[in-house]
Amino acid sequence: MSSSASPSPDGAAERPQERLHPQEHTHLQEHFDRTIAKDQRIEPRDWMPEGYRKTLVRQIAQHAHSEIIGMQPEGDWITRAPSLRRKAILFAKVQDEAGHGLYLYSAAETLGADRQDLTERLIEGRQKYSSIFNYPTPTFADVGVIGWFVDGAAICNQVPLCRSSYGPYARAMVRVCKEESFHQRQGYELLMTMMRGTEEQRAMVQDAVDRWWWPSLMMFGPPDEDSPNSAQSMAWRIKRHSNDELRQKFVDMTVPQAEKLGVTLPDPELRWNEERGQHDFGRPDFTELMRVIKGDGPCNAERVGRRRTAHEEGAWVREAAAAHAAKQARREEKEHAA
Amino acid sequence: MSGTNGQWPLYEIFVRSKRGLNHVHVGSLRAADDRMALTHARDLYTRRNEGVSVWAVRSDDIAASTPDEKDPFFEPSGDKVYRHPTFYDIPADVPHI
């Protein structure tokens, strides 16, 4: 198959780094460092340090997997949405998540990653995805809270990634961020509607808020002092802000929204700190985060299992499409020859 | 050609966002054939009226300059300052030029 052997013009070039003369290597490294220092973008076929490439592949793959697995918790509600309007919105949202995953997989491919290999790594549990998607969605209010918290947190994380030093990743993020705003707003609007409803519906919203608040704060990753790779990622300008900075931003953004909605965020330590001009808040349970990342969350097995089933059950479609394409190509060849 | 156990080939996608503008590269995708590349491109890159026309080009059909030859490759245009209008001194009181 020639297609994977011959890279895209944007794709990974042959990388004969081992054969480089040491002086040549220094020269390339300097050029890379200057590009980063000038805040310019690194593009696919530029020389880059192996660590930079590996870090990016890992981060982009995890990000892509998160979008794809992220279709499941809400996807469960598509058939049970309470109205045609909500169903159509949810469909569009879940389709967007698939799209985000595909933008990101193609960004990973520009670094020489193999898409099939990435899928296999996900379903074999060798690559991670965001811990948040391992929590269940027992009520329809969860759909709203995911839009509000989870997509809100994703916006905090992703807006700075639009200026990430790797061009294809940054460009994918621009597209993602444009669409993410709809996700957050539909969630908040859904919750506002429920809050105007019955006592039971309001309780349902509060319950979902209680369950999702802490896992949402964990989405930003371990605290800065326990995040050893962050400094290097920031030096390379892959990341622009630390985990704790982004977490703080999310809290400050969400508190007034919660007040307006009329729900209570489940943190007794949450209060405005006049001096800092920011909110103080409690420490998420990071041992829970580690446990869920390592595979022991409420829904890990179910999420990965379903992804595996979908992949396996789709095999015949992929094969049929390839066979059809081959047949068409033969037919065209024959017509040309005639 | 994509085999049954191989991946579908990679396509680069270009979208014209509205009449009067060029097609612009928006990203890539994998598809079994040209027709599927176009329908996937529509679903992936134009879910919100981002385009009025789409091109899908097999990635391995694109000829591209390599980063290694960047400097010598683009050098011919580097030293020809007289190609720019600012090269020419014209008195300030000459109108419309």
Side-chain angles (χ1 to χ4, degrees), chain A residues 1-11 13-14 16 24 28 31 42-48 92 95-96 98-107 109-110 114-117 119 168 171-172 174-175 178-179 182 315-330 332-333, chain B residues 1-18 22-51 54-75:
Chain A
M1 196 195 70
S2 65
S3 56
S4 71
S6 55
S8 142
D10 246 10
E14 301 284 302
E24 173 79 350
L28 289 168
H31 185 263
I42 303 296
E43 293 296 342
R45 304 220 299 175
D46 291 341
W47 181 90
M48 60 188 87
Q95 192 192 5
D96 274 354
H100 298 176
L102 294 179
Y103 305 152
L104 287 159
Y105 282 130
S106 49
E109 279 193 289
T110 66
D114 178 278
R115 195 177 297 211
Q116 274 185 169
D117 178 56
T119 302
R171 292 191 288 272
V174 170
R175 303 189 69 85
K178 272 188 199 161
E179 300 179 350
F182 140 60
W316 72 270
V317 179
R318 295 190 293 277
E319 283 164 21
H324 177 72
K327 193 171 91 181
Q328 290 298 114
R330 275 198 304 276
E332 263 172 45
E333 236 166 70
Chain B
M1 198 57 249
S2 61
T4 45
N5 59 346
Q7 301 199 62
W8 293 340
L10 196 62
Y11 283 82
E12 301 300 321
I13 306 303
F14 301 78
V15 172
R16 185 201 293 287
S17 57
K18 60 178 187 183
N22 286 320
H23 285 78
V24 173
H25 183 241
V26 291
S28 60
L29 54 77
R30 288 191 177 270
D33 55 27
D34 295 356
R35 198 185 146 78
M36 187 195 273
L38 284 174
T39 52
H40 281 189
R42 176 199 60 197
D43 294 344
L44 188 56
Y45 291 108
T46 64
R47 284 196 301 281
R48 290 177 175 78
N49 302 318
E50 290 97 335
V54 177
W55 289 345
V57 184
R58 278 282 290 263
S59 304
D60 47 13
D61 286 341
I62 292 181
S65 64
T66 68
D68 302 346
E69 64 190 15
K70 187 175 186 294
D71 291 337
F73 188 75
F74 293 104
E75 212 165 63

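Chain A is the first sequence line, chain B the second, and so forth, proteins listed ahead of strands; every chain is numbered from 1. What you are looking at is a predicted structure, and each value in this text was computed from that prediction instead of being measured.
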Residue Tyr11(B) versus chain A: region with a heavy atom under 4.5 Å: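 The answer is neither part of Tyr11(B).
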
Arg35(B) portion near chain A, given a 4.5 angstrom heavy-atom threshold: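 It is neither, since no heavy atom gets under 4.5 Å.
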
Answer whether the closest heavy-atom distance between the side chains of Trp47(A) and Glu24(A) falls below 4.5 Å.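 Heavy-atom side-chain distance check fails, nothing below 4.5 Å.
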
Look at the rings of Trp55(B) and Phe14(B) and say which category their plane angle falls in: under 30° parallel, 30 to 60° tilted, over 60° perpendicular.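 It falls in the tilted class, 30° to 60°.
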
Between Arg171(A) and Glu43(A), does at least one N-O distance fall below 4.0 Å, as a salt bridge requires?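 Salt bridge between Arg171(A) and Glu43(A), a charged N being under 4.0 Å from a carboxylate O: yes.
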
Under a 4.0 Å N-O cut-off, is there an ion pair linking Arg47(B) with Glu179(A)?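 Result for this pair is yes, salt bridge flagged.
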
Look at Asp96(A), Leu102(A), Leu28(A) and state which one has the largest set of heavy-atom pairs under 4.5 Å with chain B.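 Most pairs with chain B among the choices: Asp96(A).
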
Quick check on Arg175(A) against chain B: is it the side chain, the backbone, both or neither that has a heavy atom closer than 4.5 Å?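 When you check distances to chain B, only side chain atoms of Arg175(A) fall under 4.5 Å.
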
